[in-house]
Amino acid sequence: MPNMSLSKVRMPEQDPEVRNGNFLEVALGYTEDMAREEARRCLKCKNRPCMQGCPVNVDIPGFIGLVAEGKFEEAYKLVTETNSLPAICGRVCPQESQCERFCVRAKKGESVAIGRLERFVADWYMKNRENMPREVEKTGRKVAVIGSGPAGLTCAGDLAKMGYDVTVFEAFHIPGGVLMYGIPEFRLPKALVQKEINTLKQMGVAIRTNMVIGKVLSLDELLEEGYEAIFVGTGAGLPSFMGIPGENLNGVYSANEFLTRINLMKAYKFPECDTPVKVGRNVAVIGGGNVAMDAARSAKRLGAEKVYIVYRRSEAEMPARVEEVHHAREEGIIFKLLTNPIRILGTDDGWVKGMECYEMELGEPDSSGRRRPIPKPGSEHVIDVETVVVAIGQSPNPLIKSTTPDLKTEQWGGIIADEETGATSKEGVYAGGDTVTGAATVILAMGAGKKAAKAIDEYLKAKQR
Ligand code: SF4
């Protein structure tokens, strides 16, 4: 009998008043009983509408049916046929705008909690089973993957399953890309990311860290070294700034630097870890996306008293996930909506002491379809802050572009690649994820990595050695 409850089975969470003082994971995951109860909400629809919202084609009703029967190991195996990083997707995918958006149960009540169930099967398997590497027939052909974020890891995993010798080149000292430097521990535990990466290593994927491709080696040198194809998944790590006075004061961070210091360099464990991050009593985070929410919630955990999200439009236009905004509010983040910074004010010795802002009102829609914010005359006011984090977006790092003259890029820096195959203007070189689209989601990057792996396989099969 299906469970016809209109609501998802609630997932336990740390109390907001406790969790805003620690970096432990906020959501605690389903128990076996909770997972089976939620899985029984799935109606096993014949036409599988939920699957059209999954960029990596997970057999959603199939795996949920297995969870309902208590066959957790089989459910994990079914998910990982098409998704190499289920514990990560189950936590950070915006399911509400992907699979869950198409779920028929959402027509009346809440959708099936597909993401929570995916997370459950991945966590269950990690806890209860040893990973057994799959036997694959080796092709003896080498492929290089640049970047070990979600696009690169997915591409590498799929190519390894097809028998290629895959080497992933990572610029940082730890693999994982944005999963390690961008997303905070309380949303995505780093030990778990490394476990997923270890699964790939067991499949034969080699990972070379501290390899800044475009500096240490160029794409042409990799091709000369015998890599027959290359996938570039280097993400979007170049921060944007507003270009307002005072952005070079001490105490102004790009969200990228702020989060990298905290997530990758573990600033919250200073002095045990030796890269600190200075947050004052009051912090302003400029922006309304998930990165802004991550930075604000991290600042709170580092001891700031007041943390403001300063966003120039209204909540309806905020690009952050509803769940992230909700969690931020629960943790005491103050939202200053329809507010736009004019300049950052400094002390005589060059430290931030405040931020002058306009109040805004919404006018006619602009080219993005969202209503254009317009400053209200005479509404200038100062917010007292000692730290400002700029979280208004990132673009691709220009290093590979600048050392690969025959790789065509957009004016804003994105690599030009075929949407279906990831093929670029350079033969044998494919690209996907944020380096092509600009900052987007983990799952879209994974989808691009997957399509490129398939295209690379077809390219190498067609190409004579
Ligand atoms: S649409 Fe919802 S109810 Fe239907 S198969 Fe998918 S998850 Fe189950």
Side-chain angles (χ1 to χ4, degrees), residues 1-13 26-126 150 154 158 187-188 192 196 290 321-324 326-327 440-451:
M1 272 285 282
N3 168 0
M4 293 313 290
S5 163
L6 296 184
S7 315
K8 293 175 179 176
V9 172
R10 229 191 114 255
M11 181 155 66
E13 288 179 349
V26 168
L28 302 173
Y30 280 157
T31 61
E32 292 187 7
D33 286 345
M34 287 174 186
R36 292 187 70 173
E37 192 186 336
E38 179 60 28
R40 286 197 300 105
R41 293 187 63 234
C42 174
L43 303 176
K44 300 185 186 142
C45 314
K46 284 233 157 51
N47 54 350
R48 308 169 156 225
C50 46
M51 283 183 64
Q52 62 179 286
C54 178
V56 294
N57 275 324
V58 169
D59 178 351
I60 294 168
F63 100 82
I64 293 181
L66 291 165
V67 173
E69 290 174 41
K71 295 181 177 165
F72 306 135
E73 182 165 354
E74 289 84 344
Y76 173 84
K77 288 192 172 146
L78 189 56
V79 172
T80 49
E81 270 179 22
T82 52
N83 185 348
S84 315
L85 310 168
I88 293 168
C89 285
R91 285 170 167 83
V92 301
C93 274
Q95 291 98 6
E96 67 281 3
S97 53
Q98 308 269 355
C99 52
E100 293 185 10
R101 187 172 139 224
F102 295 96
C103 173
V104 293
R105 295 297 308 261
K107 287 189 182 148
K108 201 173 165 212
E110 289 185 319
S111 70
V112 173
I114 302 168
R116 293 178 188 176
L117 290 170
E118 185 179 37
R119 168 193 165 134
F120 167 79
V121 295
D123 289 2
W124 183 92
Y125 193 84
M126 278 188 193
T154 302
D158 280 18
R187 279 214 293 132
L188 182 63
L192 196 143
E196 297 263 51
N290 290 325
R321 290 181 72 185
V322 173
E323 182 182 281
E324 301 307 325
H326 170 72
H327 277 150
T441 62
V442 167
I443 191 69
L444 286 176
M446 288 179 62
K450 201 165 192 58
K451 283 181 183 170

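For ligands, and for the atoms within them, numbers begin at 1 and follow the listed sequence.
Counting only protein atoms, the N, O or S atoms lying less than 2.8 Å from atom 6 (Fe) of ligand 1 are C50 SG, ordered by chain and residue number.
Distance check: K451 NZ to D158 CG gives 13.0 Å after rounding to the nearest 0.5 Å.
In terms of heavy-atom proximity, A35 sits nearest to V67 at O-CG1, 3.8 Å.
For the ring-ring contact (aromatic ring centres under 6.0 Å, His included) condition, the pairs that include at least one residue of residues 68-89, sequence neighbours left out, are F72-F120, F72-W124, Y76-Y125. Screening residues 82-93 for side chain to side chain donor-acceptor pair (under 3.5 Å), with sequence neighbours left out, gives E25-R91, N83-E118, R91-D123.
Note on K77 versus E73: salt bridge recorded, some NZ/NE/NH1/NH2 to OD/OE distance being below 4.0 Å.
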Cut-off 3.5 Å, no hydrogens considered: what does the side-chain donor-acceptor table look like for residues 98-105, sequence neighbours left out?
{"residue": "E100", "atom": "OE1", "partner": "K8", "partner atom": "NZ", "Å": "2.8"}
{"residue": "E100", "atom": "OE1", "partner": "S111", "partner atom": "OG", "Å": "3.3"}
{"residue": "E100", "atom": "OE2", "partner": "I114", "partner atom": "N", "Å": "3.0"}
{"residue": "E100", "atom": "OE2", "partner": "G115", "partner atom": "N", "Å": "3.1"}
{"residue": "R105", "atom": "NH1", "partner": "N3", "partner atom": "O", "Å": "3.1"}
{"residue": "R105", "atom": "NH1", "partner": "R41", "partner atom": "O", "Å": "2.8"}
{"residue": "R105", "atom": "NH2", "partner": "M4", "partner atom": "O", "Å": "3.3"}
{"residue": "R105", "atom": "NH2", "partner": "S5", "partner atom": "O", "Å": "2.8"}

